[in-house]
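Computed from a prediction, not measured in an experiment: that's the story for all the values here. Index from 1, following the sequence. Any value given below was found using the heavy atoms of this structure, including those in side chains, with hydrogens, waters and symmetry copies removed.
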Amino acid sequence: GFDDKVFLAAIDGSVKLEKNKVSVLPVAMVNGDVDLDYGNIDFNGTVHITGSVKPGFRVKAASDIIIEKDVEDAQLIAGGNIHIKLGVVGKESVKLIAGGEVRARFMQNARVEAMKSVLIEDSIINCDILSYDSIIVNSPTGKIIGGKLVALNEVSASVIGTQNETSTNVTVGRNFAVEKELADKRAEIKIVKDKIDEINSQLKMQFGDEIFQNPKEYIKILPALKKKNCLLLLNDLSNANRDIKQLIEESKVIEAKNKFEKEPFVKATNKIFGGVVLNIKKSVKKIERPVDNARFFEDPLEKAIRMTSAV
């Protein structure tokens with residue numbers, strides 16, 4: 001029978017008792033570190049960890065991941081944001097994937113992919129980061145050193161690069177996912193164009209130029225077998241022309257995704273050192289010597305990288 005001392009929850013989560021009211025929050029609380037005691041975590045909600053995530057472990061959450069301490073050589077996958085109160089230090093396998101923002105005090109030797117911004121307080125060192133918004137180091141003394149950073153709109157820090165010219169590659173204004181989608185669509189268009197050329201070539205070879213001048217009248221005078229072959233080719237041509245029209249419309253939709261609400265830029269409010277390579281849209285510039293207080297952007301007319309004062 002029914003036991004009024006037993007409560008069944010409709011969702012996974014943590015039990016909350018307040019003023020004689022029991023509720024279940026869609027949050028998995030981990031009191032301590034994610035290590036051998038807890039193992040890997042996969043939760044359909046938010047995961048809140050009061051300690052650290054130790055090397056070799058994985059935390060996956062449908063919503064946010066909140067970590068009060070740090071992340072060592074581990075993997076985090078969140079449908080929402082990832083917020084690490086301290087830092088991320090990797091060796092080989094640390095990887096963060098977020099459907100929203102990624103925040104941390106510092107990052108070293110990490111691979112990160114975020115659908116929104118990557119916001120770091122102090123430093124990014126030797127990281128491979130992809131953001132579909134911006135990568136920003138907020139501290140007045142914040143640094144980006146080494147690695148490869150790709151952001152759609154902005155990469156900013158007080159200092160980018162080092163005096164000994166550590167290889168640092170910074171890219172803005174490139175949406176590689178959209179560019180690949182567009183390249184694939186253009187490849188489809190080329191295949192259909194080649195098919196149209198082949199059909200036209202067969203029609204001309206078999207029936208001459210007259211077939212293109214007045215197809216309906218020309219078909220009437222053809223013998224039955226030739227008429228059948230001609231109609232099949234014309235039908236293939238009509239289908240191919242319909243397909244290419246549809247593909248061109250689809251390519252226009254993809255191209256529209258690659259437009260920017262604001263012009264992308266790279267900013268170093270204190271200094272950018274030699275050895276840093278800037279890629280802004282399709283323009284490339286290698287910094288040859290240190291530059292103070294600089295903001296870099298692509299000149300829309302000259303299609304070359306230009307510089308102005310950062311602040």
Side-chain angles (χ1 to χ4, degrees), residues 2-124 127-138 149-152 177:
F2 180 75
D3 188 343
D4 60 4
K5 295 179 182 178
V6 176
F7 297 88
L8 297 177
I11 62 170
D12 294 333
S14 301
V15 176
K16 182 182 180 183
L17 178 60
E18 186 177 7
K19 295 180 180 178
N20 295 321
K21 181 181 178 182
V22 177
S23 58
V24 177
L25 304 177
V27 178
M29 288 294 302
V30 177
N31 294 310
D33 299 333
V34 174
D35 53 17
L36 286 170
D37 290 336
Y38 270 97
N40 295 325
I41 295 172
D42 189 342
F43 182 69
N44 188 31
T46 291
V47 175
H48 190 158
I49 300 162
T50 63
S52 302
V53 182
K54 296 300 183 181
F57 291 93
R58 186 175 92 149
V59 178
K60 185 177 180 181
S63 188
D64 300 339
I65 296 175
I66 302 164
I67 299 166
E68 296 294 337
K69 293 186 179 178
D70 53 25
V71 174
E72 298 179 47
D73 218 23
Q75 295 187 15
L76 308 180
I77 303 170
N81 302 320
I82 295 175
H83 188 184
I84 302 158
K85 299 293 181 69
L86 297 182
V88 180
V89 179
K91 292 179 182 177
E92 295 178 352
S93 60
V94 65
K95 187 171 186 181
L96 281 61
I97 300 174
E101 290 183 343
V102 172
R103 291 175 178 265
R105 183 173 294 177
F106 64 88
M107 281 190 178
Q108 184 171 346
N109 301 325
R111 288 179 296 154
V112 181
E113 182 175 336
M115 293 306 295
K116 294 184 180 179
S117 292
V118 175
L119 305 171
I120 307 300
E121 289 181 38
D122 295 332
S123 61
I124 297 174
C127 292
D128 188 339
I129 300 178
L130 170 62
S131 164
Y132 287 96
D133 193 343
S134 300
I135 301 171
I136 300 172
V137 182
N138 292 308
L149 283 73
V150 179
L152 201 59

Of all the heavy-atom pairs spanning [X] and [Y], show the shortest one and how long it is.
X: D133; Y: A151; result: O-CB, 3.7 Å
X: A110; Y: V88; result: CB-CG1, 3.9 Å
X: V137; Y: S123; result: CG1-N, 4.0 Å
X: M115; Y: Y132; result: O-CB, 3.3 Å
X: N44; Y: A62; result: OD1-CB, 3.3 Å
X: R58; Y: I77; result: NH1-CD1, 3.9 Å

Whether N81 side chain and E101 backbone form a donor-acceptor pair below 3.5 Å: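 Looks like yes, one N/O pair under 3.5 Å.
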Flag, side chain of S52 to backbone of K54, donor-acceptor distance under 3.5 Å: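 Flag not set: sc S52 to bb K54 has no pair under 3.5 Å.
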To the nearest 0.5 Å, tell me how far [X] [atom1] sits from [Y] [atom2].
X: L149; Y: I124; atom1: CG; atom2: CD1; result: 5.5 Å
X: M29; Y: N31; atom1: CE; atom2: CG; result: 5.0 Å
X: L96; Y: I84; atom1: CG; atom2: CD1; result: 4.5 Å
X: I135; Y: L130; atom1: CD1; atom2: CG; result: 7.5 Å
X: H83; Y: I66; atom1: NE2; atom2: CD1; result: 8.0 Å
X: H48; Y: I65; atom1: NE2; atom2: CD1; result: 12.0 Å

Worked check of side chain to side chain contact (heavy atoms under 4.5 Å, CB included) between R105 and L86: CA-CA 5 Å; R105 183 173 294 177; L86 297 182; 3.7 Å; yes
Is there side-chain contact between [X] and [Y], with at least one heavy-atom pair below 4.5 Å?
X: I67; Y: V59; result: no
X: D73; Y: V94; result: yes
X: F57; Y: L36; result: yes
X: V89; Y: D70; result: no

Salt bridge (charged side-chain N to carboxylate O under 4.0 Å, His left out) partners for R111, two or more places apart: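 With neighbours one apart ignored, the set is empty.
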Set of salt bridge (charged side-chain N to carboxylate O under 4.0 Å, His left out) partners for K85, sequence neighbours left out: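 K85 satisfies salt bridge (charged side-chain N to carboxylate O under 4.0 Å, His left out) with E68 once adjacent residues are dropped.
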